[in-house]
Amino acid sequence: MSDFKSKLEKIRAVVPEHVKIIAVSKTKPIEVLSEAYAAGQRIFGENKVQELVSKYPLLEGDTEWHMIGHLQTNKVKMIAPFISMIHAVDSLKLLDKIQNEASKVNRKIPCLIQAHIAKEETKFGFSPDEVYSLFQDLRTEDYPNVVFSGLMGMASFTDDEELVLEEFGILKELFDRIKSEILSDYDPFVELSMGMTSDFHLAIQKGSTMIRIGTLLFGGR
Ligand SMILES: *Cc1c(COP(=O)(O)O)cnc(C)c1O
């Protein structure tokens with residue numbers, strides 16, 4: 001059995017069946033992705049547009065490519081024709097741009113709105129309150145080429161498991177409130193992308209549906 005496959009099976013064994021595993025392959029050469037593909041992996045996460053654009057033609061057409069990093073508006077058009085999900089929608093300007101570029105290529109692009117839940121300062125993203133207001137104020141019909149698939153977030157990078165659990169809990173609660181209070185008639189809002197190598201087991205406890213795993217599958221970068 002390949003190294004990748006045994007690592008994947010170890011993770012699968014501790015993760016509920018409905019949770020999707022995004023193999024975060026950023027910085028890894030295509031041979032490494034091909035090995036993962038051969039082992040059955042179909043969802044790959046990258047955080048740079050240039051890398052996505054150069055890698056996507058090299059794997060089979062049933063591969064799902066997920067953009068997991070900060071996305072600049074001027075680069076949306078480069079990935080709009082093929083991207084399967086954009087995880088880190090962190091501004092209204094970006095959302096508008098995705099609508100515009102997706103419409104040009106006649107696609108509906110699944111998107112997650114990123115909420116920052118970590119105590120650390122960051123220049124990108126919405127606070128949980130801002131995400132709630134965003135959904136209160138927008139009409140999904142105004143974004144016919146965007147699928148509002150759910151939310152994404154990253155917890156603080158710390159050994160303090162209580163803090164990490166609290167932060168993931170805030171995201172889960174936000175997700176549940178938006179789903180029940182605002183999007184109760186909107187079926188596609190189902191995904192909660194949270195958890196990476198160091199904290200996926202905690203994210204799962206709090207209801208994650210997508211974990212983004214790099215180091216544990218592919219080794220250090
Ligand atoms: C790199 C990255 C990951 C994967 O991190 P690991 O710790 O290597 O599992 C997950 N999410 C995002 C947004 C990333 O940039």
Side-chain angles (χ1 to χ4, degrees), residues 3-15 19-30 32-33 35-36 39 41-53 55-56 64-72 75-76 79 83-91 94 98 110-126 128 131 149-161 163-165 167-168 170-172 175 191-221:
D3 196 33
F4 178 90
K5 190 157 194 172
S6 65
K7 288 173 177 165
L8 182 62
E9 287 185 358
K10 274 194 196 122
I11 302 172
R12 264 279 59 115
V14 297
V15 160
V19 174
K20 298 183 189 82
I21 298 172
I22 320 293
V24 176
S25 48
K26 62 191 185 195
T27 78
K28 298 296 170 186
I30 195 68
V32 169
L33 283 73
E35 191 208 353
Q41 182 65 29
R42 290 295 178 273
I43 315 181
F44 293 86
E46 293 279 342
N47 69 343
K48 293 213 164 64
V49 165
Q50 202 51 59
E51 209 172 326
L52 267 170
V53 167
K55 283 174 173 172
Y56 102 89
E64 276 190 35
W65 296 95
H66 289 212
M67 175 60 185
I68 62 170
H70 172 66
L71 176 57
Q72 287 172 262
K75 294 188 174 162
V76 174
I79 60 172
I83 201 77
S84 290
M85 182 170 274
I86 297 174
H87 282 239
V89 177
D90 55 11
S91 72
L94 177 58
I98 294 168
C111 290
L112 306 176
I113 306 297
Q114 180 175 13
H116 54 77
I117 49 176
K119 298 280 177 284
E120 297 139 12
E121 275 301 310
T122 149
K123 49 194 168 118
F124 301 121
F126 300 110
V131 171
S149 299
L151 303 181
M152 179 268 205
M154 281 189 279
S156 295
F157 191 70
T158 170
D159 293 338
D160 183 349
E161 296 204 343
L163 178 61
V164 171
L165 280 170
E167 292 172 350
F168 285 144
I170 288 169
L171 192 59
K172 167 66 171 161
F175 174 87
E191 305 288 4
L192 199 44
S193 169
M194 56 185 198
M196 35 210 273
T197 292
S198 60
D199 57 16
F200 75 91
H201 53 291
L202 302 174
I204 297 290
Q205 285 180 41
K206 291 293 180 180
S208 173
T209 67
M210 290 184 149
I211 56 176
R212 308 176 310 271
I213 307 291
T215 309
L216 192 57
L217 286 171
F218 295 119
R221 287 180 293 271

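Just so you know, ligand 1 is whichever comes first in the structure, and atom 1 is the first atom listed for that ligand. Only this structure's heavy atoms are used, side chains among them; waters, hydrogens and symmetry mates stay out.
- Given atom 5 (O) of ligand 1, the protein heavy atom at minimum distance is Met196 CE, 3.5 Å.
- Atom numbering of ligand 1 starts at 1 in the shown order; those under 4.0 Å from a heavy atom of Ile213 are 9 (O).
- Closest to atom 6 (P) of ligand 1, if we only count protein heavy atoms, is Thr197 OG1, 3.4 Å.
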Pair Thr215-Arg221, side chain to side chain contact (heavy atoms under 4.5 Å, CB included): steps then yes or no
CA-CA 7 Å; Thr215 309; Arg221 287 180 293 271; 3.8 Å; yes
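- Across all non-hydrogen atoms, the minimal contact from Glu35 to Asp3 is OE2-N, 3.8 Å.
- Residue, atom and distance of the protein heavy atom nearest to atom 2 (C) of ligand 1 are Lys26 NZ, 2.6 Å.
- Within ligand 1, the atoms closer than 4.0 Å to a non-hydrogen atom of Arg212 are 4 (C), 9 (O), 10 (C), 11 (N), 12 (C), 13 (C), numbered from 1 in the order shown.
- In this view, Gln41 and Phe4, Leu8, Ala23, Ala36, Ile43, Phe44 satisfy the side-chain contact (heavy atoms from CB on, under 4.5 Å) rule, not counting sequence neighbours.
- Between the side chain of Ser156 and the backbone N or O of Lys119, at least one donor-acceptor pair lies under 3.5 Å.
- Among the atoms of Ile68, none of the N or O lies under 3.5 angstrom from an N or O of ligand 1.
- Contact annotation: for His87 versus ligand 1, there are no heavy atoms closer than 4.0 Å.
- For ligand 1, the atoms sitting less than 4.0 Å from at least one non-hydrogen atom of Thr215 are 6 (P), 7 (O), 8 (O), 9 (O), numbered in the order shown with element in parentheses.
- Pairs passing the salt bridge (Lys or Arg N to Asp or Glu O under 4.0 Å) check and including a residue from residues 202-215, sequence neighbours excluded, do not occur.
- Of the residues listed (Lys26, Lys55, His66), the one engaging Glu46 in a side-chain hydrogen bond (donor to acceptor under 3.5 Å, both in side chains) is Lys55, and it is the only one.
- For Glu161 (side chain) and Leu202 (main-chain N/O), no donor-acceptor pair under 3.5 Å exists by modelled atom type.
- Considering both main-chain and side-chain atoms, Arg221 comes within under 3.5 Å of ligand 1 through a nitrogen or oxygen pair.
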